[in-house]
> 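Encoded as structure tokens, here's the structure I'll be asking about.
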Amino acid sequence: MKQFWDPGISRTILFVLGVFTFVVACYQTLASGSMDGLYDNYWLFMLSFGLIIWLRYLRQRDKIAAAEAEAARKATEAASKKAAKKGRR
């Protein structure tokens with residue numbers, strides 16, 4: 001089944017949302033001009049932090065999957081070389 005969009009787009013959207021919520025939280029905090037602004041916008045900072053952590057998790061998961069695929073490819077390649085060498089004798 002064909003995917004609706006490329007996984008890279010969802011990662012880009014995740015990054016943009018994380019940065020956007022951080023910028024909005026900073027602006028709202030500075031606009032209030034007191035510590036109450038920081039307390040009131042804490043949830044925005046945490047949402048931004050959570051989105052960036054989720055993005056890092058997805059990138060790490062892709063990196064591990066790529067490394068496992070590469071290791072499997074090398075193992076298959078080595079096995080086929082051994083079989084070809086064994087067949088020549």
Side-chain angles (χ1 to χ4, degrees):
M1 182 175 181
K2 187 175 180 181
Q3 289 184 332
F4 182 67
W5 66 43
D6 186 35
I9 289 199
S10 61
R11 306 242 165 66
T12 302
I13 291 171
L14 202 60
F15 177 74
V16 167
L17 284 175
V19 170
F20 177 75
T21 54
F22 183 77
V23 169
V24 168
C26 287
Y27 174 77
Q28 290 293 328
T29 301
L30 293 175
S32 71
S34 67
M35 283 301 284
D36 289 336
L38 183 62
Y39 300 141
D40 293 340
N41 296 302
Y42 179 77
W43 69 275
L44 280 172
F45 285 112
M46 289 299 105
L47 180 64
S48 172
F49 181 69
L51 290 170
I52 297 300
I53 292 296
W54 188 16
L55 177 67
R56 289 179 52 102
Y57 168 74
L58 291 174
R59 286 181 179 168
Q60 185 66 26
R61 191 176 67 178
D62 287 347
K63 186 186 280 188
I64 290 170
E68 288 174 353
E70 180 69 20
R73 185 188 63 80
K74 285 183 179 180
T76 305
E77 198 173 271
S80 65
K81 283 183 182 179
K82 283 184 180 181
K85 210 181 237 187
K86 192 175 186 181
R88 288 185 203 167
R89 291 181 184 190

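Just so you know, these numbers use all the heavy atoms, side chains as well, and skip hydrogens, waters and symmetry mates. Since the structure is predicted, the reported quantities are computational estimates derived from the model, not experimental observations. This chain uses plain numbering: 1 for the first residue, then up along the sequence.
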> Would a single hydrophobic cluster contain both Ile9 and Val16, if residues Ile, Leu, Val, Met, Phe, Trp and Tyr are joined by side-chain heavy-atom contacts under 4.5 Å?
no

> As a quick check of understanding, evaluate salt bridge (Lys or Arg N to Asp or Glu O under 4.0 Å) for Lys74 and Glu77, giving each step before the final call.
CA-CA 5 Å; Lys74 285 183 179 180; Glu77 198 173 271; over 6 Å; no

> Applying the side chain to side chain contact (heavy atoms under 4.5 Å, CB included) test to Thr29, which of Tyr39, Phe45, Tyr42 qualifies?
Phe45

> If hydrophobic clusters are built from ILVMFWY residues whose side chains come within less than 4.5 Å, do Tyr27 and Phe20 share one?
no

> Run through Val23, Leu38, Asn41, Asp40 and flag the one making a side chain to side chain contact (heavy atoms under 4.5 Å, CB included) with Gln28.
Asn41

> Which atom pairs, donor and acceptor, lie under 3.5 Å between side-chain atoms of residues 47-63 and protein residues at least two apart or in another chain?
unit_1: Ser48; atom_1: OG; unit_2: Gly18; atom_2: O; d: 2.7
unit_1: Asp62; atom_1: OD2; unit_2: Arg11; atom_2: NH1; d: 3.0
unit_1: Asp62; atom_1: OD2; unit_2: Arg11; atom_2: NH2; d: 3.0

> Nearest heavy-atom pair of Gly37 and Ser32: which atoms, and what distance?
CA-OG, 3.0 Å

> Heavy-atom count around Phe22 CZ within 6.0 Å, excluding the residue itself: above 12?
no

> Among all residues two or more places apart in sequence or in another chain, which pass the side chain to side chain contact (heavy atoms under 4.5 Å, CB included) test with Ser80?
none

